[in-house]
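We name chains A, B, ... by the order of the sequence lines, and we start the count at 1 in each one.
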Amino acid sequence: TSFLNNLRSNHSARASSLGGGGTGSGGGGSGDSKGNAFLLPGATMATILMLGALHARRLYEDKKIEEKRERGIELEFKPDVKASFLGILPLRSISRAWGSLTSVEIPVWMRPYVYKAWSRAFHSNLEEPALPLEEYASLQEFFVRSLKEGCRPIDPDPRCLVSPVDGTVVRFGELKGSRGMIEQVKGHSYSVSALLGNNCLLPMAPEGKESEDEEAIGENNDKSWWTVSLASPKLRESISASPMKGLYYCVIYLKPGDYHRIHSPADWNALVRRHFAGRLFPVNERATRTIRNLYVENERVVLEGVWKEGFMALAAVGATNIGSIELFIEPELRTNKPKKKLFPTEPPEERVYDPEGHGVKLEKGKQVGAFNMG
Amino acid sequence: STVVLVFQAPTANTPEGSSSSSDFRFCVKHGDRVRVGEALGRWKEE
């Protein structure tokens with residue numbers, strides 16, 4: 001407002017010095033001042049209209065997608081301008097700023113209101129947190145809350161694999177062929193070795209016929225499977241390639257309101273931990289359709305090891321609002337650290353857990369780690 | 001955020017398209033809500 005006032009006074013001073021008074025020269029000065037008076041409300045109105053139009057367009061597009069889905073048409077991978085725009089944003093810095101904001105301590109009397117508002121917005125269950133709401137000093141602490149005893153009973157069947165997290169099953173199936181491709185969305189897949197790392201411990205894949213139309217990410221040549229078989233022979237011994245085993249995968253998406261601690265899906269030994277410092281694209285249904293290699297590009301922590309049925313790997317993939325992944329078995333691990341340069345092909349930081357070949361024993365249902373904000 | 005599980009599990013290595021009761025089978029569907037500790041899949045020992 002002060003700026004506009006200055007502008008206006010300069011303008012009228014100039015007008016009077018030129019013509020010896022506003023009215024004499026046709027009242028231009030008074031007309032201009034009226035035009036300026038509309039400048040601010042006009043800009044505000046234009047902004048509101050623009051935001052409204054963008055929101056209406058978003059609603060229309062969502063409606064079209066819903067209609068397609070109801071007609072059983074599976075949505076295909078289709079990059080768009082928004083995805084490219086996200087690519088140039090400093091998402092890691094934005095994520096860290098969000099983390100700093102949510103780590104601010106909230107006055108005790110405000111905490112129930114803030115957490116109830118959060119829970120109402122993101123459909124969290126307020127019956128389950130282990131502590132009274134007043135005990136969580138910040139939104140970040142509330143977000144990574146543990147639950148009351150008995151809230152998550154573990155399926156006792158020894159012949160079953162249980163979910164490591166609360167969430168929505170996005171993809172699942174058996175990995176066939178030599179590349180082990182996981183479908184991100186119809187029309188775009190990524191390979192298991194791109195997700196877990198080129199020297200992952202997977203048993204030697206049978207020589208399979210390449211399928212030309214599959215897009216392999218992160219593999220320079222087909223020999224990467226052989227490098228798999230040669231990597232860290234001591235670790236490899238603990239995983240035997242058996243024809244009686246299939247290789248399966250399951251992708252589970254956690255909503256912001258979900259319980260964000262990660263548990264062990266079975267009794268297994270985590271032999272290796274790999275930390276990929278990566279991007280932090282938002283992870284949601286739209287992003288899986290528009291951002292290429294979303295799970296391979298994003299910051300993630302991979303635990304690899306063995307269970308009684310063979311190979312086991314758990315990849316925890318971060319997102320913009322949930323950029324940190326903590327491991328209770330390795331508390332000193334820090335993710336989403338500031339980095340000067342981020343090279344997409346930067347090798348992951350790897351750690352082999354002691355004793356080599358045995359690693360850390362994790363019981364089925366035990367807490368292994370957590371996602372956190374920022 | 002997302003968790004991806006990759007794991008080996010029993011399969012009777014039967015010919016493509018047919019399955020044996022001991023195959024590992026998922027007991028969830030696309031879009032199912034799951035919670036920690038709930039079974040994602042099972043197999044039977046023959």
Side-chain angles (χ1 to χ4, degrees), chain A residues 152-155 157 159-175 180 182 192 195-196 202-203 239 242-254 259-263 265-266 283 295 298 307 309-319 321-322 325 365 371, chain B:
Chain A
R152 294 290 180 274
I154 307 301
D155 190 314
D157 181 357
R159 286 171 298 279
C160 90
L161 189 83
V162 299
S163 177
V165 288
D166 281 16
T168 305
V169 176
V170 174
R171 292 259 177 236
F172 66 92
E174 186 171 3
L175 291 167
I182 298 178
V192 168
L195 174 74
L196 303 181
L202 271 174
I239 296 178
S242 153
M244 305 302 281
K245 303 285 182 214
L247 195 59
Y248 299 87
Y249 72 93
C250 184
V251 181
I252 302 171
Y253 166 70
L254 293 85
Y259 165 62
H260 268 74
R261 292 197 173 206
I262 305 169
H263 293 243
V283 174
Y295 303 122
N298 265 17
W307 68 314
E309 300 307 326
F311 175 79
M312 168 75 76
L314 186 152
V317 183
N321 56 344
I322 303 167
I325 298 143
F371 286 105
Chain B
S1 39
T2 305
V3 164
V4 182
L5 266 182
V6 179
F7 55 95
Q8 278 184 304
T11 173
N13 217 13
T14 44
E16 198 75 19
S18 68
S19 68
S20 119
S21 65
S22 71
D23 277 4
F24 172 84
R25 291 225 199 118
F26 283 98
C27 50
V28 291
K29 292 190 306 299
H30 182 10
D32 271 6
R33 289 283 299 166
V34 290
R35 295 182 5 159
V36 166
E38 289 176 356
L40 287 177
R42 300 180 194 282
W43 69 94
K44 290 197 189 70
E45 253 137 32
E46 279 183 339

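Atoms OH and CZ, on A:Y253 and A:R171 in that order, are 15.0 Å from each other to the nearest 0.5 Å. In this structure, OG1 in B:T11 is found 4.0 Å from CG in B:D23, a value given to the nearest 0.5 Å.
Of the two parts of A:Y248, the backbone and the side chain both hold a non-hydrogen atom closer than 4.5 Å to a non-hydrogen atom of chain B. Only the backbone of A:P153 comes within contact range of chain B, with heavy atoms under 4.5 Å apart.
Heavy-atom pairs under 4.5 Å with chain B peak, among A:G318, A:P164, A:G365, at A:P164. Most heavy-atom pairs under 4.5 Å with chain B: of the set A:V283, A:V165, A:I154, this distinction falls to A:V165. Of the listed residues (A:A266, A:P265, A:G167), the greatest number of heavy-atom pairs within a distance under 4.5 Å of chain B belongs to A:G167. Chain A forms more heavy-atom pairs under 4.5 Å with one residue of B:A39, B:G37, B:S1 than with any other, namely B:S1. Of the listed residues (A:L254, A:I325, A:I322), the one with the most heavy-atom contacts under 4.5 Å to chain B is A:L254.
A cation-pi arrangement is present between A:R152 and A:Y259 under the rule of less than 6.0 angstrom and at most 45 degrees off the ring axis.
Residues passing the salt bridge (charged side-chain N to carboxylate O under 4.0 Å, His left out) test with A:R261: none are found, sequence neighbours excluded. Listed by chain and residue number, A:L195, A:L196, A:V302, B:V4 satisfy the side-chain contact (heavy atoms from CB on, under 4.5 Å) test with A:A315 (two or more places apart in sequence, or in another chain).
Ring geometry for B:W43 against B:F24 counts as tilted: the plane angle lies between 30° and 60°, on a 0 to 90° scale.
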